[in-house]
Amino acid sequence: MGGPIAERVRVVKFVRGFPEWIEADATVFAREWQDLVRLAPIRHLDVVHAKTADALTALFACPALAQIITLSFNVIGPRFGPPDGTLVTPLVESPHLGKLRVLDLRCCPLTSDQKARIAHATNMPALECLQVDDLTESVGMDYDGSIQTVYPSEELAAFETQYGKARALHYTERTERTVTRDYF
């Protein structure tokens with residue numbers, strides 16, 4: 001299911017009846033982006049096989065990223081691992097991430113300096129949720145699921161003491177709900 005786009009990507013998910021969510025190989029997306037966006041209103045992209053500098057450079061140079069609001073490199077499994085710090089420079093220098101609201105880099109081995117560079121990047125002005133390992137907020141919820149308290153983890157507090165507060169790392173605090181890709 002998913003029509004012609006399903007033949008070019010690994011997974012197609014429907015949002016509000018449209019094939020808006022895809023899981024795609026980084027090189028395939030960078031090479032075939034014009035056909036892919038013609039076939040579907042892609043707004044959410046899960047990237048796999050993005051381990052090489054060439055694949056990451058081509059991906060972040062891709063104009064189709066201008067319509068993406070959720071970008072994830074958190075697809076893990078035995079056949080593909082998440083990228084490492086090689087993704088930082090092409091990510092923070094990409095001119096196509098102006099609409100990006102959610103960036104999931106969990107399971108990507110990044111140093112604190114690399115996380116700070118991403119968290120404070122100016123090329124993602126709409127970014128409201130940056131998910132990286134070890135920098136989470138703790139949420140206290142009431143019996144009905146409403147959020148009562150939000151406070152940074154010790155790791156997040158130490159990170160922001162060293163690098164400054166990063167708005168996108170406080171997504172629960174601002175939206176009064178846990179922001180995950182399933183909400184979009």
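Predicted model only: the values in this text are computed from it and were never measured.
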Colleague: Would you check if the side chain of K51 reaches a backbone N or O of T86 as a donor-acceptor pair within less than 3.5 Å?
Modeller: no
Colleague: Below 4.5 Å, heavy atoms only, C-beta onward: do D134 and K115 meet side chain to side chain?
Modeller: yes
Colleague: Keeping the roles fixed (side chain from H96, backbone from F60), state whether a donor-acceptor pair exists under 3.5 Å.
Modeller: no
Colleague: Is there a side-chain contact between V132 and I118 in this structure, where contact means two heavy atoms from C-beta onward sitting under 4.5 Å apart?
Modeller: no
Colleague: Which heavy atom of Q114 sits nearest a heavy atom of G85, and at what distance?
Modeller: NE2-CA, 3.4 Å
Colleague: Hey, does the side chain of R31 reach the backbone of A58 with a donor-acceptor pair shorter than 3.5 angstrom?
Modeller: no
Colleague: Under a 3.5 Å cutoff, is there a donor and acceptor pairing between the side chains of T89 and R117?
Modeller: yes
Colleague: What's the verdict on side-chain contact (heavy atoms from CB on, under 4.5 Å) for E93 and N123, showing C-alpha distance, side-chain angles and the deciding distance?
Modeller: CA-CA 7 Å; E93 292 180 357; N123 68 322; 6.0 Å; no
Colleague: Do you know which two heavy atoms are closest between C107 and P109, and how far apart they sit?
Modeller: O-CD, 3.5 Å
Colleague: Could you go through K165 and H170, starting from their C-alpha distance and side-chain angles, then the distance that decides it, and tell me whether this counts as side-chain contact (heavy atoms from CB on, under 4.5 Å)?
Modeller: CA-CA 9 Å; K165 189 166 182 168; H170 295 276; 3.5 Å; yes
Colleague: For the pair T27 (side chain) and A55 (backbone), establish whether a donor and an acceptor sit closer than 3.5 Å, ignoring hydrogens and angles.
Modeller: no
Colleague: Indicate yes or no for a side-chain donor-acceptor contact from Q67 to the backbone of I42 under 3.5 Å, with no hydrogens or angles considered.
Modeller: yes
Colleague: Apply side-chain contact (heavy atoms from CB on, under 4.5 Å) to the pair L97 and L91, showing each step before the final yes or no.
Modeller: CA-CA 9 Å; L97 300 175; L91 169 68; 3.6 Å; yes
Colleague: So L45 and L65, do their side chains get closer than 4.5 Å, heavy atoms only?
Modeller: yes
Colleague: Show the nearest heavy-atom pair for residues R106 and N74, with the distance to one decimal.
Modeller: O-OD1, 3.1 Å
Colleague: To the closest 0.5 Å, what do you measure between CD (Q131) and SG (C108)?
Modeller: 11.5 Å
Colleague: Could you measure the distance from the CD1 atom of I68 to the CG atom of L100? Nearest 0.5 Å is fine.
Modeller: 8.5 Å
Colleague: The criterion is salt bridge (Lys or Arg N to Asp or Glu O under 4.0 Å); which residues satisfy it with D113, sequence neighbours excluded?
Modeller: none
Colleague: Transitively linked via ILVMFWY side-chain contacts under 4.5 Å: V47 with V28?
Modeller: no
Colleague: Considering all heavy atoms of both residues, which atom of C62 and which atom of A30 are nearest to each other, and what is their separation?
Modeller: SG-CA, 4.4 Å
Colleague: Can you name the closest pair of heavy atoms from A50 and A26 and give their distance?
Modeller: CB-CB, 3.8 Å
Colleague: Looking at every non-hydrogen atom in both residues, tell me the closest pair between V92 and A121 and how far apart they are.
Modeller: CG1-CB, 3.7 Å
Colleague: Output the distance between atom CG (L59) and atom CG (D54), rounded to the nearest 0.5 Å.
Modeller: 12.5 Å
Colleague: Evaluate the side-chain contact (heavy atoms from CB on, under 4.5 Å) criterion for residues I69 and H44: first the C-alpha distance (whole Å), next the side-chain angles of each, then the deciding distance (0.1 Å), finally the verdict.
Modeller: CA-CA 6 Å; I69 62 168; H44 312 277; 3.6 Å; yes
Colleague: Atom CG of L127 and atom OG1 of T122: how far apart are they, to the nearest 0.5 Å?
Modeller: 12.0 Å
Colleague: Any chance you could measure L56, atom CG, to F73, atom CZ, to the nearest 0.5 Å?
Modeller: 6.0 Å
Colleague: Going from CG on L105 to OG on S72, what distance comes out if it is rounded to the nearest 0.5 angstrom?
Modeller: 8.0 Å
Colleague: Look at the side chain of S94 and the backbone N and O of P90, then say whether any donor-acceptor pair between them is shorter than 3.5 Å.
Modeller: no
Colleague: In chain order, what residues pass the salt bridge (Lys or Arg N to Asp or Glu O under 4.0 Å) check against E32, with sequence neighbours excluded?
Modeller: R8
